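Written below as structure tokens is the structure these notes are about.
Every chain is numbered from 1 and lettered A, B, ... according to where its sequence line falls, protein lines coming before strand lines. Quick note: numbers below take in every heavy atom, side chains included, and nothing from hydrogens, waters or symmetry partners. Nothing here was measured: the structure is a model prediction, and the numbers come from that model.
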Protein chains: 2
Amino acid sequence: MPRPRQALLNRDRIVETALALIDADGLGALSTRRLAAALGVQGPSLYNHFATKDEILDAVADSVTASVDVSVFDRYDWVEALRRWARSYREALAAHPNIVPYLAQGPGRRPAALAMADAVYGALVRAGWPPARATHIGAALRYFVAGSALGSFARGFVEDPELYAAHPHLNQAHRLRGHQHSVDEGAFTLGLDALLHGLAAEYARTVAPLERGSGPG
Amino acid sequence: MPRPRQALLNRDRIVETALALIDADGLGALSTRRLAAALGVQGPSLYNHFATKDEILDAVADSVTASVDVSVFDRYDWVEALRRWARSYREALAAHPNIVPYLAQGPGRRPAALAMADAVYGALVRAGWPPARATHIGAALRYFVAGSALGSFARGFVEDPELYAAHPHLNQAHRLRGHQHSVDEGAFTLGLDALLHGLAAEYARTVAPLERGSGPG
DNA sequence: GGATGAAAACTTACACCGCTAGTTTAAGGG
DNA sequence: CCCTTAAACTAGCGGTGTAAGTTTTCATCC
């Protein structure tokens, strides 16, 4: 089949299908030939639309990042905005956990990831945090969110009671998988609350005193 | 070459060499053939010592986990123990960042990872945290540590000023790579302090009141 | 409106991948 | 001493990313 009258592929369709395959079978199971087959096409045809497989993965990763709500930074104070952003970020990643190891390498050159970094950093500086501190806070939150989405904590444990016999405190660990959602959710909420609580305390101690009277007016 | 008089391979040598290759060239660059070549041997010979490549990676991951200091849980109160454990954990991972995506999938059946989970969970329960809460705390800390080691935050940004021109707050982002260590370290310290501060606050509110008078005596 | 060049599919092919099967020889136990 | 097991080998299978070159169609310009 030479050039068809109606193009069979376009970047969006490739990205959508790739994400679906990654969700279904994992990052390792995505090959150019399998992806092409799912699109009704031969493997090398993809290279008319993307230069490398990594470029496809970049586009997939950015499509996930794009679904994170960063508008919260315009509508809430920095603590509440961070809380809502972190939740939205985690939801976006948890919906596609298999792409997280790739995505977590950093924003690189992905536009949605850069826009998100910009929004977070900007909001923190606007709130009065010194630039270096704002960077640290953004990084710390990203650490936590990425870690929480990277692999389910609960799914990391095997459903085999015998395995835990030698470990005195893990005798219930084989049940974790059954409570995966509540474990992962509870850990995330606890950690996020603790992090924000701690950050608010530092803000009150180091930033707020300087802010008083330095506002507009 | 048939069975040699002196065995050329053993599991430890394979694991060491694999870790060195992963450190040097990344997880993706480790192939059985390359690993074998580095050991002066043909690819399939590895399968006399490990059943699959994943089994090799499991052993590599566990050798990294094994260097985490969990003795702190016997020597310090829970807050200080968590702080020191998290630092030791992060140091271990940050020394071999390329294996982290694999390792972060959870303990699975790896003995050192299980021993670590046991120590953390046991110490928290001993301190009076309810079991479910202890699980959450261990998970939250692991999220944060794994996220921080997964990819350097600073290294996630490209050293190309033009890329950030469109983002009003990122005009200094291209300098992040140059301050990688201080950025990553600062973010980790800030986040860890905030997390522990928040946890201590919740402990004082919910656990400590019950502990009073319920100790051995 | 016919020539021209780019675009989008194709086929073929290369080097590499994880791993299996079968072979050879040495080591070690009865 | 024999026999099993172990540890290296070679050969090879099906799969991978992607480069190269082919064919045909579409869009554009004189």
Give the nucleotide from the list C:dC10, D:dA7, C:dA8 with an atom nearest to the side chain of A:Q42. C:dC10
Without decimals, in angstroms, what is the distance between A:F50 CZ and C:dA7 P? 16 Å
How about B:F188 and B:F144: are their ring centres within less than 6.0 Å of each other? yes
For atom OH of A:Y47 and atom C1' of C:dT11, their distance in whole Å: 16 Å
DNA chain D nearest-nucleotide lookup for A:T32 and B:V41: closer to the 5′ end is B:V41
How would you label the contact of A:S31 with the nucleic acid (heavy atoms, under 4.0 Å): base, sugar-phosphate, or nothing? sugar-phosphate
Check the distance between C:dA8's P and A:N10's CG and give it to me in whole angstrom. 10 Å
Using a cut-off of less than 4.0 Å, is there contact between a side-chain N or O of B:S45 and OP1 or OP2 of D:dC9? yes
Before giving the answer on side chain to side chain donor-acceptor pair (under 3.5 Å), spell out for A:R87 and A:T189 the whole-Å C-alpha distance, their side-chain angles and the decisive distance to 0.1 Å. CA-CA 9 Å; A:R87 287 216 160 273; A:T189 299; 2.7 Å; yes
Should A:H49 be listed as having a side-chain N or O under 4.0 Å from OP1 or OP2 of C:dA7? no
Please work out if B:L39 contacts a base, only the sugar-phosphate, or nothing of the nucleic acid, heavy-atom cut-off 4.0 Å. nothing
Nearest whole Å is fine: how far is D:dA7 C1' from B:R13 CZ? 13 Å
For residues B:R84 and B:D69, determine if any side-chain heavy atom of one lies less than 4.5 Å from a side-chain heavy atom of the other. no
So what does A:L46 hit on the nucleic acid, given a heavy-atom distance under 4.0 Å: a base, only sugar-phosphate, or nothing? nothing
Are any of the side-chain heavy atoms of B:V100 and B:L27 separated by less than 4.5 Å? no
Quick one: does A:F73's side chain get under 4.5 Å of A:W78's, heavy atoms only? no
Should the side chain of A:N48 and the base of C:dA9 be counted as holding a donor-acceptor pair, with the cut-off at 3.5 Å? yes
Just checking, any donor-acceptor pair under 3.5 angstrom between side chains of A:S71 and A:R75? yes
Side chain of B:L9 only, please: which of C:dA9, D:dA8, C:dG18 is the nearest? D:dA8
Tell me, which pairs form a side chain to side chain donor-acceptor pair (under 3.5 Å) where one or both residues lie in residues 48-64 of chain A, sequence neighbours left out? A:D58-A:Y102
Calculate the interatomic distance between A:D54 atom CG and D:dT16 atom P; express it in whole Å. 16 Å
Sorted by number, the residues of residues 14-26 of chain A with heavy-atom contact under 4.0 Å to DNA chain C: none
Taking the nucleotide of DNA chain C with the nearest heavy atom to each, does A:G40 or B:R34 sit closer to the 5' end? A:G40
Taking C:dA9, D:dA7, D:dA19 as options, the one with an atom nearest any side-chain atom of A:P44 is D:dA19
Any donor-acceptor N/O pair under 3.5 Å between C:dG18 base and B:R33 side chain: yes
